[in-house]
Asker: 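One structure, pasted below without further comment.
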2 protein chains.
Amino acid sequence: MTIGQVAKLAGVGVETIRFYEREGLLTKPKRKESGYRMFDAEVVNRIRFIKSVKELGFSLKEIRELLFLRVDSRATASEVKKRVDSKIDQIDRRIHDLKKVRNALAQLSRSVGKRPLSECPLLDVLEKSRT
Amino acid sequence: MTIGQVAKLAGVGVETIRFYEREGLLTKPKRKESGYRMFDAEVVNRIRFIKSVKELGFSLKEIRELLFLRVDSRATASEVKKRVDSKIDQIDRRIHDLKKVRNALAQLSRSVGKRPLSECPLLDVLEKSRT
DNA sequence: CTTGACTCCGTATCCCACTACCGGCTGTAC
DNA sequence: GTACAGCCGGTAGTGGGATACGGAGTCAAG
């Protein structure tokens with residue numbers, strides 16, 4: 001596939017793909033004699049993954065770490081496992097925090113219209129739930 | 001409290017507080033005759049809230065919307081409720097996506113050391129779980 | 001009443017993640 | 001074989017979110 005086809009399927013611009021390649025998020029693709037990049041379809045999923053994880057608040061640096069979690073010459077299995085588990089913890093914390101905001105919003109949704117709201121009702125709810 | 005005390009308690013720089021004030025995330029504080037800002041303690045929680053929600057992948061614009069969800073002269077109760085509920089949906093989707101990544105990492109953690117890992121093992125796991 | 005930390009505001013600068021533009025080459029459809 | 005879309009690499013510019021800097025005024029301890 002050409003870079004343009006990949007871009008269209010993954011829902012990003014051509015420039016973004018070249019940018020991700022420079023940043024080491026995508027491995028360098030093979031080239032035709034002309035210099036044109038030749039991608040195989042797998043890269044589309046990879047870019048979609050990057051896109052969706054980015055929206056969850058991870059930086060490209062963190063995403064690169066997620067992508068390349070693996071045993072290599074410089075990492076033993078137990079080291080890799082430690083890294084993976086720490087990522088899991090990080091995500092668990094994030095889920096926990098999101099749930100807190102979610103529940104505060106749910107409570108706010110219930111109280112809308114029932115009583116007058118202060119300037120920042122969400123903060124009030126969070127404040128009270130801190131018991 | 002002075003801006004410096006607030007900054008220290010909230011764990012941000014003084015400049016950041018002024019920046020948030022300019023961006024409308026904090027309401028303008030009272031001033032002494034000298035021009036010094038006088039904050040009350042509540043603002044510390046507000047800044048901490050901003051910090052933590054930012055880390056969950058929300059932009060300052062979205063956070064401002066979260067903070068000021070309330071009924072005013074231009075919004076009826078049902079409109080506010082609709083906005084709140086749509087925020088809840090958004091957060092639910094985020095939690096769902098995080099759980100997907102989390103589960104893929106958990107599976108990866110289990111398989112580390114058992115079988116050789118490909119270049120991007122996380123993507124493999126996600127790929128296979130897409131059934 | 002001086003010294004040193006703190007604050008004021010304005011402007012400039014930084015980092016990140018793109019996005020745009022350029023002149024030149026390539027591929028293909030007519 | 002020429003028009004035209006697509007690709008190349010390089011550099012510059014953008015928007016978001018801070019962070020730094022500078023010169024002047026303020027506060028509190030000694």
Side-chain angles (χ1 to χ4, degrees), chain A residues 1-41 43-44 46-68 90 94 97 101, chain B residues 1-41 43-44 46-68 90 94 97 101:
Chain A
M1 305 176 72
T2 68
I3 194 171
Q5 293 170 314
V6 173
K8 183 167 264 181
L9 284 174
V12 300
V14 166
E15 314 287 343
T16 303
I17 297 179
R18 290 208 279 255
F19 173 71
Y20 284 170
E21 183 184 325
R22 277 200 304 282
E23 295 296 305
L25 290 156
L26 306 176
T27 50
K28 310 230 160 185
K30 295 213 170 61
R31 304 286 188 122
K32 308 173 70 157
E33 328 72 55
S34 61
Y36 280 30
R37 290 171 182 78
M38 292 186 308
F39 294 95
D40 44 22
V43 78
V44 175
R46 181 123 151 205
I47 294 168
R48 288 196 182 131
F49 174 80
I50 295 169
K51 257 187 91 173
S52 66
V53 175
K54 206 163 47 62
E55 278 160 20
L56 298 175
F58 291 83
S59 68
L60 295 189
K61 189 160 164 285
E62 289 172 310
I63 295 171
R64 197 166 38 216
E65 287 168 16
L66 281 175
L67 281 171
F68 295 111
Q90 184 188 349
R94 245 171 240 220
D97 289 350
V101 176
Chain B
M1 307 177 73
T2 68
I3 195 171
Q5 294 170 314
V6 173
K8 183 167 266 180
L9 284 173
V12 300
V14 165
E15 314 286 343
T16 304
I17 296 179
R18 289 208 279 259
F19 172 70
Y20 285 171
E21 183 183 325
R22 279 201 301 285
E23 295 296 306
L25 291 156
L26 305 176
T27 51
K28 311 231 161 182
K30 295 212 170 59
R31 303 289 187 118
K32 308 174 71 156
E33 327 73 55
S34 61
Y36 279 29
R37 290 170 181 79
M38 292 184 309
F39 294 96
D40 43 24
V43 78
V44 175
R46 183 123 150 204
I47 294 169
R48 288 197 183 129
F49 174 81
I50 295 169
K51 255 187 95 175
S52 68
V53 175
K54 205 164 46 63
E55 279 160 20
L56 299 174
F58 290 84
S59 68
L60 294 188
K61 187 158 167 286
E62 288 171 310
I63 294 171
R64 197 166 39 217
E65 286 168 18
L66 282 175
L67 281 170
F68 296 112
Q90 184 186 349
R94 243 169 242 219
D97 289 350
V101 177

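Remember, it's a predicted structure, so these values are computed and weren't measured experimentally. Lettering follows sequence order; numbering is per chain, from 1.
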Asker: Under 4.0 Å between any heavy atoms, over every strand shown, what does Gly4(A) touch: base, sugar-phosphate, or nothing? Just pick one.
Answerer: sugar-phosphate

Asker: Just the rounded figure in Å: distance from P of dA5(D) to CD1 of Ile3(A).
Answerer: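 Going from CD1 in Ile3(A) over to P in dA5(D) covers 19 Å.
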
Asker: Give the nucleotide from the list dC8(D), dT19(D), dC18(C) with an atom nearest to the side chain of Arg18(A).
Answerer: dC8(D)

Asker: From dT19(C), dC8(C), dC7(D), pick the nucleotide closest to the side chain of Arg31(B)?
Answerer: dC8(C)

Asker: How long is the gap from CD1 on Ile3(B) to OG1 on Thr16(B), to the nearest 0.5 Å?
Answerer: 9.5 Å

Asker: Side chain of Thr16(B) only, please: which of dA18(D), dA17(C), dT7(C) is the nearest?
Answerer: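 Selected nucleotide: dA18(D).
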
Asker: Looking only at side-chain atoms of Val14(A), point me to the closest of dC7(D), dC21(D), dC8(C).
Answerer: dC7(D)

Asker: Check whether any side-chain nitrogen or oxygen of Lys54(A) sits under 4.0 Å from OP1 or OP2 of dC18(C), and answer yes or no.
Answerer: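 Yes, Lys54(A) has a side-chain N/O under 4.0 Å of OP1/OP2 on dC18(C).
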
Asker: Write down the distance between NZ (Lys61(B)) and C1' (dA18(D)), rounded to a whole number of angstrom.
Answerer: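 Lys61(B) atom NZ is separated from dA18(D) atom C1' by 19 Å.
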
Asker: Any side-chain heavy atom of Gln90(A) within less than 4.5 Å of one from Phe58(A)?
Answerer: yes

Asker: So, Glu21(A) and Arg18(A), do they make that salt bridge, N to O below 4.0 Å?
Answerer: no

Asker: Can you confirm whether Glu62(A) sits close enough to Val53(A) that some side-chain heavy atom of one is under 4.5 Å from a side-chain heavy atom of the other?
Answerer: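 No; the side chains remain at least 4.5 Å from each other.
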
Asker: How close or far is atom P of dC9(C) from atom CZ of Phe19(B), stated in whole angstroms?
Answerer: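 Whole-Å distance recorded here is 16 Å.
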
Asker: If I compare all heavy atoms of Arg94(B) with all of Leu56(B), which pair ends up nearest, and what's the gap?
Answerer: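 Taking Arg94(B) first and Leu56(B) second, the nearest heavy atoms are NH1-O, 3.3 Å.
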
Asker: dA17(C), dT19(D), dC9(C): which one has an atom nearest the side-chain heavy atoms of Leu60(A)?
Answerer: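 Side chain of Leu60(A) sits closest to dA17(C).
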
Asker: Could you state the atom-to-atom distance from CZ of Phe58(B) to P of dG16(D) in whole Å?
Answerer: 18 Å

Asker: To the nearest Å, how far apart are Met1(B) CE and dC6(C) P?
Answerer: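 Answer to the nearest Å: 14 Å.
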
Asker: Among the candidates dC8(C), dG9(D), dA17(C), find the nucleotide nearest to the side-chain atoms of Ser59(A).
Answerer: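 Ranking dC8(C), dG9(D), dA17(C) by closest atom to the Ser59(A) side chain puts dA17(C) first.
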
Asker: So which atom in Pro29(A) and which in Arg37(A) form the shortest heavy-atom distance, rounded to 0.1 Å?
Answerer: CG-CG, 3.6 Å

Asker: Whole-Å distance between dC8(D) P and Ile17(A) CD1?
Answerer: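 Going from Ile17(A) (CD1) to dC8(D) (P), I get 10 Å.
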
Asker: Grab the CD-C1' distance between Glu15(B) and dG16(D) for me, whole Å please.
Answerer: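 For the pair Glu15(B) CD and dG16(D) C1', the rounded distance is 17 Å.
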
Asker: Per the side chain to side chain contact (heavy atoms under 4.5 Å, CB included) rule, which among Lys32(B), Met38(B), Glu33(B) passes with Tyr36(B)?
Answerer: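 Testing each of Lys32(B), Met38(B), Glu33(B) against Tyr36(B), the sole residue satisfying side chain to side chain contact (heavy atoms under 4.5 Å, CB included) is Lys32(B).
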
Asker: Whole angstrom is fine here: how far is it from CD in Glu23(A) over to P in dC16(C)?
Answerer: 9 Å

Asker: Reading nucleotides 25-30 of chain C 5' to 3', which nucleotides get B (base under 4.0 Å from a protein heavy atom), which S (sugar-phosphate only), which -?
Answerer: -BS---

Asker: Measuring only between side-chain heavy atoms, which start at C-beta, is Leu60(A) closer than 4.5 Å to Ile63(A)?
Answerer: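 A side-chain contact exists here, since the closest heavy-atom pair is under 4.5 Å.
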
Asker: Among dC21(C), dA20(D), dC8(C), find the nucleotide with the atom closest to the side chain of Arg37(B).
Answerer: dC8(C)

Asker: Would you tell me if any nitrogen or oxygen in the side chain of Tyr20(A) comes within less than 4.0 Å of OP1 or OP2 on dA17(C)?
Answerer: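 Negative; the distance criterion is not met.
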
